[in-house]
Amino acid sequence: MSTYPEHARPLWQRLLVTRESAVIFLLVVVVLYSILNVPFFDGPLTLTYLLLDVAPILLIALPMTMVIVTGEIDLSVASVVGLSSVLLGVLTQAGMPFVGAAVVALAAGAVCGAFNGFLVAYVGLPSLAVTIGTLALFRGLAVGLLGTTAVTEFPETWTDLAKATIGSTGIPVVVIPFLVLAVGFAVLLQYSSFGRGIYDIGLNDEAARFTGVNVQRSKFTVFVLTGLVSAFAGIFFTLRFGSARGDNATGLELQVIAAVLLGGVSIFGGRGKLPGVVAGVLLIGVISSALRLQGVTVNVINIIIGLLLVASVMSTSVLEAVSRLRSRSNRRAAGPSRAPAAGAGTHGRHTS
Amino acid sequence: GGGSDSGSGSGGEGGGGATTVTFLPKNLGNPYFEASDAGGKKAVEEFGGTFDEVGPQEATPDAQVQYINTVAQQGINALVLSANDPTAIGDALEEARSAGTKVVTFDSDTEPQFRDVFVNQASAEGIAKSQVDLIAEQIGDEGKVAILSAAANATNQNTWIELMKKDLAANHPNIELVDTVYGNDDDQESFDKTAALLQSNPDLKGIISPTTVGIAAAARYLSDSDFKGKVQLTGLGTPNQMREYVKDGTVKGFALWNPEELGYLAAFTAQALVDGTITGKEGDKFTAGDLGDYTVEADGVVVLGEPTVFNADNIDDFDF
Amino acid sequence: MAATASDAPAGTPTLELRDVAKSFGPVVALSSASLSVDAGSIHALVGENGAGKSTLIKIVAGVHRRDSGDFLLDGIHVDFGSTSDSKAAGIAVIYQEPTLFPDLSVTENIFMGRQPLTRGRRVDRAAMHTEATALFSRLGVALDPRRPAQGLSIADQQIIEIAKAISLDARLLIMDEPTAALSGVEVDRLFAVARSLRDEGRALVFISHRFDEVFALCDTVTVMRDGEYVATKPVAETDEDEIVALMVGREVGDLFPKTPATVGEVVLEVEGLDAVGQFHDVSFQVREGEIVGLAGLVGAGRSEIARAVFGVDGYERGTVTMHGRPVPPSNPRAAIAAGMAFIPEDRRKQGLVTDASVARNVAGVIRGGLSRLGILTEGAENRAASPWAQRLAVKTGALDMNAATMSGGNQQKVVIAKWLATNPKLLIIDEPTRGIDVGTKSEVHRLLSELAGQGLAILMISSELPEVLGMADRVLVVCEGRLTADIARDDATPESVMRAATTSLEAQR
Amino acid sequence: MSAAQSTEPSTPDAVERLVEPSRQPRGRRILTTVLRSRELAILIVLLLVIAAATLTTPSFLFSSNSWRDLLLTPSILLLLAAGQAVVVITRNVDLSVGSVLGLTAYLTGRLFIDTGLPVVAVILAGLVVGMLLGLVNGVLVAFGRVPALVITLGTLYIYRGVVLTWAGSDRINADDMPRSFLRLGTASILSIPVLTIIALVVLVGVGYYLYSARGGRELYAIGSDPDAAVLYGLDVRRRVLAAFALSGALAGLAGVLFAARYGTVSSGAGTGIELQAVAAVVIGGVAIFGGSGTVWGAAIGAFLLVTINRALPIVGIPDFWQRAVVGGLIIGAIVLDRVLANRTARKLTEAREDA
Ligand SMILES: Nc1ncnc2c1ncn2[C@@H]1O[C@H](COP(=O)(O)OP(=O)(O)OP(=O)(O)O)[C@@H](O)[C@H]1O
Ligand SMILES: Nc1ncnc2c1ncn2[C@@H]1O[C@H](COP(=O)(O)OP(=O)(O)OP(=O)(O)O)[C@@H](O)[C@H]1O
Ligand SMILES: [Mg+2]
Ligand SMILES: [Mg+2]
C-alpha cells in the first residue's frame with residue numbers, strides 16, 4: 001500500500017501563504033518605509049527604545065496567546081502588572097531584599113492567575129466576565145495597598161539592568177529573558193503535547209476532552225502562566241521607570257489583546273502562532289514609534305491600531321465570503337444551470 | 001545609555017542653528033497647558049526657533065517617557081516639560097540630556113538632578129499662602145475645610161498641600177483641614193469627589209482645589225447645589241473656566257499665575273540654556289523677551305512671580 | 001408570494017422536488033433527490049442513516065440552499081433564502097434535533113417570532129398561554145406551558161416541537177423522526193393529530209426508521225439511498241422487505257459479517273453506576289472477544305452510561321473496573337491508561353477536532369508518547385499516524401489535510417484509527433455507522449468483528465436494531481436510564497428488544 | 001408564605017415553582033417570581049449599602065442635596081447599562097460605549113459653540129450620531145460574523161482616536177453651553193432630577209420593549225441559542241444590528257447628558273466607563289452569554305456600582321479600595337448566578353426523575 005504524502009501544499013506555500021507571514025511581511029514593509037522616510041528612525045536609539053517600549057506587551061502577549069488559543073480571554077493582565085509592581089515597591093520599602101520582594105511579586109502574579117484559572121476552568125465561569133471582575137479587583141488591591149504614594153527607591157543595580165543594553169548594540173538586556181521565554185513558550189505551544197492539547201481545546205474542547213486532554217487543568221495552567229508572566233512584566237515595568245505605582249500599566253490589557261489578534265490569533269480559539277504574535281506586537285510598536293517621530297500624537301496611533309484590528313478580523317470573513325461566492329459561481333458556470341426559473345422564483349431572498 | 005555622542009551631533013530638524021524646542025505637558029486636553037504651550041510657542045517664534053508640542057493622553061509617567069525618548073532620538077535642542085512623576089521619568093531625561101538635549105521643567109518639577117532648570121510659577125510658599133489666605137478670608141478664618149487635589153502622586157500638588165498644612169497650623173488655628181481627596185484631573189472624577197466630600201462632611205465651610213480641572217469641577221457642582229454660597233471654594237484656576245462661577249457668586253476669588261507667561265518664560269529659559277547664556281547655576285542671568293530679566297536661584301530654579309488673585313472685579317480683564 | 005393551494009390546478013402536488021443536489025464542501029449529501037407530496041396525504045420518507053433525508057427537508061425549510069435541481073410549491077418554482085420564507089409559504093418543519101431556547105418558557109418557545117399581539121401591540125401572554133394549553137390537551141400531554149424549556153426530557157422537547165409545528169396551521173407539515181423518543185401512547189396521539197390534519201387536506205411528510213409506524217400512518221413512501229431518489233410506492237402495494245431491499249440496495253445479510261466469538265476473561269466490569277437524571281443502578285460486564293450491544297430508544301441514556309464509564313462525565317455512585325482494577329471516575333486519561341477507547345456518537349463534535357489535520361487527529365491520543373525530550377514534532381506525528389491511516393484505508397490527499405474536508409465515513413475511519421493506535425483492551429463505540437455510506441458501513445462491521453476475533457472487548461451502542469442484532473453477541477437494553485434486559489444473541493429478536501426498550505415507558509404514561 | 005424563606009432544594013414547593021408554575025395561583029406565582037428574582041437580591045444589597053451609609057452619616061440620604069445626588073450620579077451609567085444589557089442579552093458585547101460617549105459629549109459642546117442649534121436639536125444630534133456609531137459596530141458584527149468583543153475593542157480605539165484628533169487640547173467649558181442646557185444636568189422636577197427622569201423613561205421604554213414586544217422577545221431567543229434562532233426564521237442580523245444601534249444611541253444620549261451634567265468636556269470624557277457598564281450588567285444578573293436577564297437588573301447594578309463608590313468613604317473605607325470592592329462584587333455576582341443556575345438545573349432534573 002502506498003504511503004500518504006505528508007503535505008498537501010509545497011513548502012513555499014506553507015511558509016508564505018499564511019496569516020503569520022502576512023503580518024511579518026507588513027512589519028518588514030513598515031520598517032523599511034520608516035527607515036527610508038521617517039527622520040531619525042534609523043538612529044541608534046530607535047531599536048533600544050522600541051524594544052523597551054514593547055517589552056511588557058511582548059512578554060504578556062506570550063501567555064495571552066495561549067489563553068486566546070484555548071478560546072478564553074484574560075483582561076486582568078494589566079492589573080496584575082500593577083499589583084506586582086506595588087507589592088515589589090511596598091516590600092522593598094519595608095526593608096525586604098529586592099530579590100525576595102521580586103519572588104513574592106511573582107508568586108502573587110501566579111496566585112492572581114490561579115484565581116482567574118480556578119473560576120474559569122473549574123467553576124466554569126465565562127472568562128470575559130471573570131476577568132472584567134478581577135481587572136477591577138487586582139487594580140483595586142494595588143491602588144489600595146500603596147494609596148497616594150509611589151515607591152521610587154530601588155537598588156540601582158536592578159534599575160540599571162532593566163535599561164542596560166548589550167554592549168554597544170543598542171539591544172536592551174531584557175531582550176535576553178524575553179527571548180528565552182519566547183522560545184520556551186513557542187516550544188510549549190507549538191512543539192509539545194501540552195500545546196497540541198491547547199489548540200484542540202480551542203478548536204473543539206469537547207473532542208479534546210474525549211481524547212483525554214485534561215481541559216480544566218490545561219486552562220488553569222495557562223491562566224497561571226499568564227499571571228506569572230504579567231507579574232514578571234510588572235517587575236520590569238517598575239524597574240524601567242524606577243517607580244512602583246498603583247496605576248502602572250493601566251489599559252495595557254487592550255494593547256496586548258489587540259497585538260495578539262493582529263498577529264493572527266483567532267478570538268474563537270484554536271488558531272494562531274507565536275511568530276505572528278511577536279510580529280503583531282512589533283508592528284504596533286514600530287508604527288507608534290514612527291508616528292511619534294513624525295510628531296503624530298497618540299490619537300492617530302489609536303485610530304490606526306483600531307483599524308488594523310477590525311481589518312484583521314474582518315479580512316478572514318471577507319476572504320471566506322469571496323471564496324464562497326467564487327465557488328458558487330464556478331458551480332453555476334460548470335453544470336447545466338438548474339437554478340430556479342427566474343420568472344416564478346420571486347420567493348425568498350438571494351442572500352446568504 | 002547608548003549612542004550618546006552621535007545624538008548631539010545630529011542637530012535639530014530646523015537645521016541652520018535655529019533652536020528646536022519641544023513642549024511636553026502632563027497630558028493633552030488640559031486648558032492650562034494649552035495656555036502655557038501657547039506662551040511657549042510665542043516665545044519660540046520670537047527667538048526664531050522651531051516649536052513642537054507632543055503629549056500623552058493620560059497623565060502617567062510611562063506614557064510621558066515614550067515622548068521623552070522620541071525627543072532624544074530626534075536630537076531636539078530643548079525639552080520643556082511638566083513632570084508626571086519626579087523620579088520615574090528621570091532616567092529617560094538623563095538619556096535625552098546625554099544626547100545633547102537641554103531639559104527645562106515647568107509647572108511640576110522632577111528631582112533636581114534630572115533637569116537643567118525648573119521654571120517655577122511662583123514660589124511654593126507663595127502659592128500655598130495665597131490660597132490659605134483666600135480661604136481664610138472667605139470663611140471668616142474659622143471652620144472645616146478640605147482639599148480637592150489632582151493625582152495623588154503629583155509633586156507640585158503635594159508640596160503645596162504640605163505647605164498649606166503648615167501655614168494653617170501656624171497661622172489659622174481655628175481652621176481644621178478634614179480631608180484631602182484626589183480627582184486625578186478628570187472632570188467627572190473631580191466632580192463626583194466633590195459631591196462625596198460634601199456628603200461625608202456636611203458641616204464643611206470651604207474647599208481648596210489647587211488644580212485647574214478640580215476647581216472648575218467643584219465650582220460646577222457647587223453652583224447648582226444647596227451648598228452654593230454656603231461652602232466657599234478657592235484654589236488655582238483659569239479665568240475662562242471660572243468666569244461663570246465667579247459671576248454667579250459660587251466663587252469669590254481664586255488665584256493663578258499667568259500660564260501663558262509661564263510657558264513663555266520656560267521657552268526663553270530653554271533658549272538661554274541652548275545658546276549657553278546660562279548653565280543652570282545659581283546666579284546665572286538672562287532676559288526673557290517681554291518679561292524682562294530673570295536670575296537662576298538655588299537648585300536651578302527660576303521663579304515667574306507671585307500669583308494673581310482673580311475676583312469679580314478683575315476677571316474680565318483676562319482671557320486665558 | 002407563493003400561490004395558495006386554490007390557484008394550482010387540481011392534481012398538482014403541494015411539494016415537488018426534482019433532481020436536487022447539495023454538497024457540504026467535499027461531502028455530497030444529496031446527488032439527485034426527488035420527492036413529490038400531494039395535499040391530503042401523509043408521505044413517508046425513508047432511507048438509511050445519512051441517506052440525505054434531513055438535508056432534503058432542510059432545503060425545503062430554507063435552512064440550506066440547494067446547489068441545483070427544481071423546487072416547486074403548488075407547481076410554482078420557489079427558492080427560499082431563510083426559514084422565515086418557508087414559514088411564510090405555509091411550511092412547518094419539525095427538525096430531527098429539537099431546537100429550543102432553554103432560557104425561555106415552553107409557551108414562548110412555541111410562539112417565538114409570531115406571538116399573538118394585543119391591541120397595543122404587546123405580546124399577548126394570556127392568549128399564548130390559552131393556545132398552548134389547548135395544543136397540549138389536543139396532544140394529550142401534561143406539560144406546564146409556563147415552565148422553562150431548560151431541563152425537559154427529549155420526549156417532551158419533541159412534543160413541544162410538534163405543538164409548535166401544529167400551531168403554525170401549515171399546509172405542509174414535515175416531521176423528521178418525531179417519534180424516535182416517544183412512547184407508544186404519545187405516538188398514538190401524534191398519529192391521531194396527523195390523520196386529522198391530513199383529513200383537513202394538508203400535506204404531511206413523515207420521516208422514520210420504524211417501519212411499523214410507516215405502515216400504520218402513511219399513504220405513500222419514498223425511498224432514498226446515498227443522496228439519491230430510489231423509488232416511490234403506495235404503502236398499500238408494498239411491504240417491509242421490499243422497502244428494506246430498496247433502502248440498502250443489496251442483500252441485508254452481508255452487512256453484518258459477524259463471526260462467532262470465543263469469549264475470554266472479563267475486561268470491563270460496571271457495578272451499580274448511578275447518575276441523577278441520567279441512569280440508575282447500571283451493572284454489566286464485557287469480556288474479551290465479545291461484542292456487547294447496548295440498545296434502547298433515543299434518549300434512553302445509553303450514551304450517558306458510556307460516557308460515565310469512560311470518564312468524560314461523572315457519576316454519583318458505583319464502580320468501574322478494568323481487568324479487576326478500579327478506574328477512577330471523571331478521568332478519561334485514567335480510563336485510556338487502563339486500556340479503554342471510546343468512539344463517541346457525534347463525530348464532528350466529539351470524535352474529531354475537524355479543523356486539525358488527519359495526522360494530528362490520528363496521533364491525538366498517543367502524542368504524549370511521541371515526544372522526545374518533551375518536544376513533539378509534526379514528523380513524529382506523521383510517522384505514527386500514517387500506518388494506522390493506511391490500515392483503515394482512510395482516503396485523504398495528504399496527512400496535513402483538515403479532517404473537516406472528509407466524508408463522514410472517512411472521518412469515522414480516522415476516529416477508529418486514532419483509538420486503535422492506543423492499542424486498547426476495550427473499545428466503546430457509540431453509533432458506529434451513523435451517517436456513513438453502505439460500503440464503509442460493512443467495512444466497519446468487518447473490522448469490529450475482526451477486532452473482537454483478536455480478543456478485543458467491544459461495547460457497541462446502536463439505534464439501528466439490525467446492526468445490534470447482526471453484530472452483538474449479547475444485547476443489553478436500556479430504558480429510561482435502567483438496564484431492562486440482557487439478551488443472548490440467539491434470543492435477541494426485534495420484538496424482544498423493543499419490548500424491553502419501551503415497557504416501563506408504557507407502564508408510566 | 002413559605003416562598004421567601006430559603007427552602008430545602010427539593011421541597012415540592014421549589015420543584016412546583018419551576019416545573020408547574022401554573023399550578024400556583026396567579027398572585028402567588030407573581031409574588032414568588034419577584035421574591036426569587038436576581039433583581040430583588042441586588043436591590044436589597046443596594047438598600048443595605050444606602051442604609052449603612054445613612055446610619056454612619058445621616059446626611060447621605062437626609063438632605064435634599066444628597067437625595068438628588070443619590071439619584072443623579074448613577075443616571076449616565078444607567079443609560080449605558082440599559083444599552084449594554086440589550087446587547088449582552090443577544091450574546092454580544094459593546095466595548096465602544098465609552099468612546100461613543102466621549103465623542104458625542106464633545107460633539108454637543110461643539111454644536112453649541114459652532115452652530116447655535118437649539119438644545120433639542122443638539123440632543124437629537126447626539127442621539128443620532130451615537131446610533132450611527134452603534135450601527136457601524138452592528139454591521140461589522142452581524143455581517144462580518146466576527147465576535148463583538150474584537151470589533152468593539154477596535155472601534156473603542158477608533159472612536160476615541162477620532163475625538164482626540166478632533167478635540168486635541170481643546171476643552172468645552174460651562175460657559176460655552178447655554179444655561180438652559182446645563183440646567184438639564186442638575187434641575188429637578190418634584191425633587192427628582194431631570195437626568196434621572198430621562199434615564200428612567202429610557203429604562204421603562206427598553207424594559208417594556210424587551211418584555212412585551214416581539215422584537216424584544218426575539219432578542220432573548222437569539223441570545224439563548226443563536227443557531228435555533230436561525231432555524232426559527234428569526235432575522236438574527238437585523239435584531240443584532242438594532243441592538244447595537246440602540247446601545248450606540250443610548251451612549252450618544254449619555255454623552256449629551258454628560259456634557260450637561262459636568263459642564264466640562266475634554267477629549268478623555270468617558271474613558272474606561274465601558275467596563276463599568278459591562279460590570280453593571282453582570283452584577284445585575286444579565287448572563288454574559290445571553291438569553292436571560294433584564295434591564296431592571298442592569299439598572300440596579302449600575303445604581304449599586306455608583307452608590308457603593310460614594311458610600312465607601314462614608315463608612316470609613318478609603319476610596320483607594322473602591323475598585324477592589326467593585327471587582328469583588330462582580331466576581332460575587334457571577335459566582336452567585338452560577339450557583340443559582342446549577343440549583344435550578346438540578347431541581348429540574350430531579351423533577352424529571354420523579355415524574
Ligand atoms: N452541515 C453539514 N456539513 C457537512 N456534512 C453534512 C452536513 N449535514 C449533513 N451532512 C452530511 O450529509 C449526509 C446526509 O445527512 P442527513 O442528515 O441528510 O442524513 P439523514 O438521511 O437525515 O440521516 P439520519 O437518518 O441519520 O437522520 C451525511 O453524510 C452527513 O454527514
Ligand atoms: N438537550 C437535552 N436537554 C435535556 N435533557 C437531555 C438533553 N439531551 C439528552 N437529555 C437527556 O439525557 C438522557 C440521555 O439522552 P441521550 O439522547 O444522550 O441518550 P442515548 O440513549 O444515548 O440516545 P441516543 O444515543 O440514541 O441519542 C435522557 O434522559 C434525555 O432526556
Ligand atoms: Mg436525519
Ligand atoms: Mg446516544
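Every heavy atom of this structure was used, including side-chain atoms; hydrogens, water molecules and symmetry mates were not. Naming convention: chains lettered A, B, ... in sequence-line order (proteins, then strands); numbering from 1 in each chain.
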Exercise. Please list all pairs passing the side-chain hydrogen bond (donor to acceptor under 3.5 Å, both in side chains) test where one or both residues lie in residues 248-260 of chain A, with sequence neighbours left out.
Key: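 Residue pairs passing side-chain hydrogen bond (donor to acceptor under 3.5 Å, both in side chains), neighbours aside: A/Ser85-A/Asn248.
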Chain D heavy atoms under 4.5 Å from [X]: which part of the residue, side chain, backbone, both or neither?
{"X": "A/Ile73", "result": "side chain"}
{"X": "A/Leu261", "result": "side chain"}
{"X": "A/Ile304", "result": "neither"}

Report which part of [X] has an atom under 4.5 Å of a heavy atom belonging to chain A: side chain, backbone, both, or neither.
{"X": "D/Ile283", "answer": "neither"}
{"X": "D/Leu140", "answer": "both"}
{"X": "D/Val162", "answer": "both"}
{"X": "D/Leu95", "answer": "neither"}

**Prompt:** What residue, out of D/Val150, D/Val326, D/Leu156, has the most heavy-atom pairs lying under 4.5 Å from chain A?
**Reply:**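 Ranked by contacts with chain A, first place is D/Val150.
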Subject >> Which of D/Ile151, D/Leu153, D/Leu275, D/Val282 touches chain A most, by non-hydrogen pairs under 4.5 Å >> reply: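 Ranked by heavy-atom pairs under 4.5 Å with chain A, first place is D/Leu153.
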Please tabulate, for the side chains in residues 328-341 of chain D, all donor-acceptor contacts under 3.5 angstrom to protein atoms that are two or more places apart in sequence or on a different chain.
from: D/Asp337; atom 1: OD1; to: D/Arg38; atom 2: NE; distance (Å): 2.4
from: D/Asp337; atom 1: OD1; to: D/Arg38; atom 2: NH2; distance (Å): 3.3
from: D/Asp337; atom 1: OD2; to: D/Arg38; atom 2: NH2; distance (Å): 3.2
from: D/Arg338; atom 1: NH1; to: A/Val123; atom 2: O; distance (Å): 3.2
from: D/Arg338; atom 1: NH1; to: A/Gly124; atom 2: O; distance (Å): 3.0
from: D/Arg338; atom 1: NH2; to: A/Gly124; atom 2: O; distance (Å): 3.2

Between side-chain atoms of residues 301-314 of chain D and protein atoms elsewhere (two or more places apart, or another chain), which donor-acceptor pairs fall under 3.5 Å?
from: D/Thr307; atom 1: OG1; to: D/Phe303; atom 2: O; distance (Å): 2.6
from: D/Arg310; atom 1: NH1; to: B/Gln199; atom 2: OE1; distance (Å): 2.7
from: D/Arg310; atom 1: NH2; to: B/Gln199; atom 2: OE1; distance (Å): 3.3

Can you name the closest pair of heavy atoms from [X] and [Y] and give their distance?
{"X": "A/Gln93", "Y": "A/Val151", "result": "OE1-CG2, 3.6 Å"}
{"X": "A/Ala61", "Y": "A/Val277", "result": "CB-CG1, 3.8 Å"}
{"X": "A/Phe223", "Y": "A/Gly117", "result": "CB-CA, 3.6 Å"}
{"X": "D/Ile172", "Y": "D/Arg110", "result": "CD1-N, 3.9 Å"}

| Verdict with supporting geometry, A/Asn116 and A/Ser76, side-chain hydrogen bond (donor to acceptor under 3.5 Å, both in side chains) | CA-CA 9 Å; A/Asn116 285 331; A/Ser76 72; 2.9 Å; yes
Any sub-3.5 Å donor-acceptor pair from A/Glu20's side-chain atoms to A/Gly272's backbone N or O?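 A pair under 3.5 Å: no.
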(message) When you measure from the side chain of D/Tyr106 to the backbone of D/Val163, do you find a donor-acceptor pair of N or O atoms at a distance under 3.5 Å?
(response)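 No; judged by distance alone, with no hydrogens or angles, the pair does not exist.
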* Could you have a look at A/Ile267, A/Ile257, A/Leu308 and say which one has the most heavy-atom pairs with chain D under 4.5 angstrom? =>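 Heavy-atom pairs under 4.5 Å are most numerous for A/Ile267.
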At a heavy-atom distance under 4.5 Å, which candidate from A/Leu119, A/Leu75, A/Leu141 has the highest pair count against chain D?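 Top option by heavy-atom pairs under 4.5 Å: A/Leu141.
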Quick check on side chain to side chain contact (heavy atoms under 4.5 Å, CB included): which of A/Val54, A/Ile57, A/Val30 does A/Leu282 satisfy it with?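 Answer after filtering A/Val54, A/Ile57, A/Val30: A/Val54.
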Exercise. Tabulate, in ascending numerical order, the residues of residues 128-139 of chain A having at least one heavy atom closer than 4.5 Å to a heavy atom of chain D, or enter 'none'.
Key: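 Within residues 128-139 of chain A, the residues that come under 4.5 Å of chain D (heavy atoms only) are A/Leu128, A/Ala129, A/Val130, A/Ile132, A/Gly133, A/Thr134, A/Leu135, A/Ala136, A/Leu137, A/Arg139.
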